[in-house]
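Written below as C-alpha cells is the structure these notes are about.
Letters A, B, ... mirror the listed sequences (proteins, then strands); counts begin at 1.
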Number of protein chains: 2
Amino acid sequence: MNYSINEISRLTKLSKYTLRYYEKEGLVPKIKRNSSGYRIYDEKDLEWLTFLLKVKETGMPIQTLKRFSRIMFNPKTIPERRKILLEHKQHIIQQQEKLQKSLDAIDKKFKKYDEIQRKSIEL
Amino acid sequence: MNYSINEISRLTKLSKYTLRYYEKEGLVPKIKRNSSGYRIYDEKDLEWLTFLLKVKETGMPIQTLKRFSRIMFNPKTIPERRKILLEHKQHIIQQQEKLQKSLDAIDKKFKKYDEIQRKSIEL
DNA sequence: ATGCACTTTAGAGTACACTCTAATGCAAGA
DNA sequence: TCTTGCATTAGAGTGTACTCTAAAGTGCAT
C-alpha cells in the first residue's frame with residue numbers, strides 16, 4: 001500500500017514540513033519517489049514513523065533515532081538494535097520513577113492545602 | 001537557613017546562569033539580596049525550586065510555573081493552585097500511558113527480533 | 001593595596017526542532 | 001491552454017530554554 005505525503009501527514013499527525021525535515025535529517029530512510037519526484041511512502045515507512053513517534057515522545061534522542069533509521073534494514077544489526085531499545089527501556093523506567101516522584105510531590109501539596117483549609121475552618 | 005547562588009546551584013544542579021534566568025523570567029519569586037546586591041536564597045526558595053524541578057521535568061509548562069510562582073504566597077489562591085496541580089496530575093497520568101505504549105512497542109520489537117533469530121537458527 | 005575568585009547586569013549567542021518562504025514544477029478539470 | 005492546487009527544493013526564520021560574554025563591583029587572604 002502506498003501513501004502520498006498528505007496521507008502520511010494525516011495518519012501520523014506530523015506536518016508535511018516535519019515529514020520532509022525528518023527525511024532531510026535522516027530520522028526516516030530515503031523515501032521512494034514517483035516519476036515527478038513526489039514522495040511515495042509505503043507500509044514499512046508508516047510503520048517506522050509510528051514506532052519513531054512512540055519512542056521519540058518518550059525521549060529517545062534524535063541521534064539514536066537517526067542511527068536506528070540507518071541500520072534498521074540490515075538483519076545483521078539486530079543485536080545493535082536490541083541494545084538501543086534495551087537502553088531506551090531503562091530510560092523509560094527512569095521516567096516512570098520521575099513521574100511517580102512528581103505525583104507524590106503534588107499529593108503532598110494537596111495534603112498541605114487540606115491542612116491549611118482545615119485550620120482556617122477551625123477558627 | 002540562607003544560601004548563596006553557588007550553594008543553590010550545587011543543591012539543585014541548576015547552573016548559576018539558569019538560576020538567574022529563572023528569576024528574570026519569574027519562574028521563581030524575586031530573591032532577597034544582601035547589601036552588595038548578592039542573592040540570598042532561603043529555605044522556602046530552595047523548597048520551591050525543588051518542587052518546580054519535579055513538575056517541570058514532568059512537563060508542566062513554563063507559563064504555568066510562572067503563574068504558580070506569582071500566586072504561591074497568597075493563601076487565597078489555594079483553590080487556583082489546587083486546580084493547576086490537579087490538571088498537571090492528569091497530564092502525568094497521560095504520560096504514564098504514553099510510556100506504557102512505548103514500552104509495549106519496544107517489547108513487540110524484541111519479540112520480532114526473537115522470531116527472526118529463531119528462524120535463522122532453524123536453517 | 002593587590003590579586004583572585006566570587007558576584008552583579010544587560011544583552012548577545014547557541015542548540016534544537018521545527019516551520020515557513022520563495023521559486024519552481026506537475027496534474028487535472030473547465 | 002489556463003487556473004487551481006498540489007508537489008519539490010534550499011535556505012531563511014521562529015520560539016524555547018538556556019548559556020555565555022563583557023564590564024563592573026565585592027570579599028578576603030596575602
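In this model, the phosphate group of dG27(D) is approached by a side-chain N or O of S36(B) to a distance below 4.0 Å at OP1 or OP2. Look at R33(A) and you won't find any side-chain N or O under 4.0 angstrom from OP1 or OP2 of dG25(C). When the side-chain nitrogen and oxygen atoms of Y22(B) are compared with OP1 and OP2 of dA17(D), none of them lie within a distance under 4.0 Å. A sub-4.0 Å separation between OP1 or OP2 of dC6(C) and a side-chain N or O of R39(B) is absent. Under 4.0 angstrom from either OP1 or OP2 of dT8(C) there lies no side-chain N or O belonging to K24(B). At the phosphate of dG5(D), neither OP1 nor OP2 sits under 4.0 Å from any side-chain N or O atom of K16(A).
Y21(B) has its OH atom 18 Å from the P atom of dT21(D), to the nearest Å. For I40(A) and dA7(D), the CD1 to C1' distance is 12 Å, given to the nearest whole Å. K30(A) has its NZ atom 9 Å from the P atom of dT9(D), to the nearest Å. If you take CD1 of I8(B) and C1' of dT7(C), they are 15 Å apart, rounded to a whole angstrom. Computed from coordinates, the Q63(A) CD to dC16(C) P distance equals 8 Å when rounded to whole Å. In this structure, L52(B) atom CG and dA17(D) atom P are separated by 12 Å, rounded to whole Å. Going from atom CG of L19(A) over to atom C1' of dT9(D) covers 16 Å, rounded to whole Å. Atom NZ of K56(B) and atom C1' of dA17(D) are 7 Å apart (whole Å).
A donor-acceptor contact under 3.5 Å links the side chain of Y38(A) to the base of dG25(C).
When each of dC6(C), dA7(D), dT19(C) is scored by its nearest atom to the side-chain atoms of N6(A), the top-ranked nucleotide is dA7(D). Here the nucleotide nearest the side chain of R20(B), chosen from dT19(C), dT8(C), dT8(D), is dT8(C).
Both S35(A) and L14(A) lie near DNA chain C, and the one whose nearest nucleotide falls closer to the 5' end is L14(A). Judged by closest nucleotide on DNA chain D, P61(B) is the one of Y17(B) and P61(B) placed further toward the 5' end.
The closest side-chain donor-acceptor pair between H91(B) and T58(B), if any, does not fall under 3.5 angstrom.
Taking the ring centre of Y41(A) as origin, the terminal cationic atom of K32(A) falls outside the region bounded by 6.0 Å and 45° from the ring axis.
Ion pairing of D114(B) with R82(A) is present here, as a side-chain N (NZ or NE/NH1/NH2) and a carboxylate O approach within less than 4.0 Å.
With a 6.0 Å radius and a threshold of 12 heavy atoms from other residues, nucleotides or ligands, K83(B) has its NZ atom at or below the threshold.
To the nearest 0.5 Å, atoms CG (L52(A)) and NZ (K56(A)) are separated by 7.0 Å.
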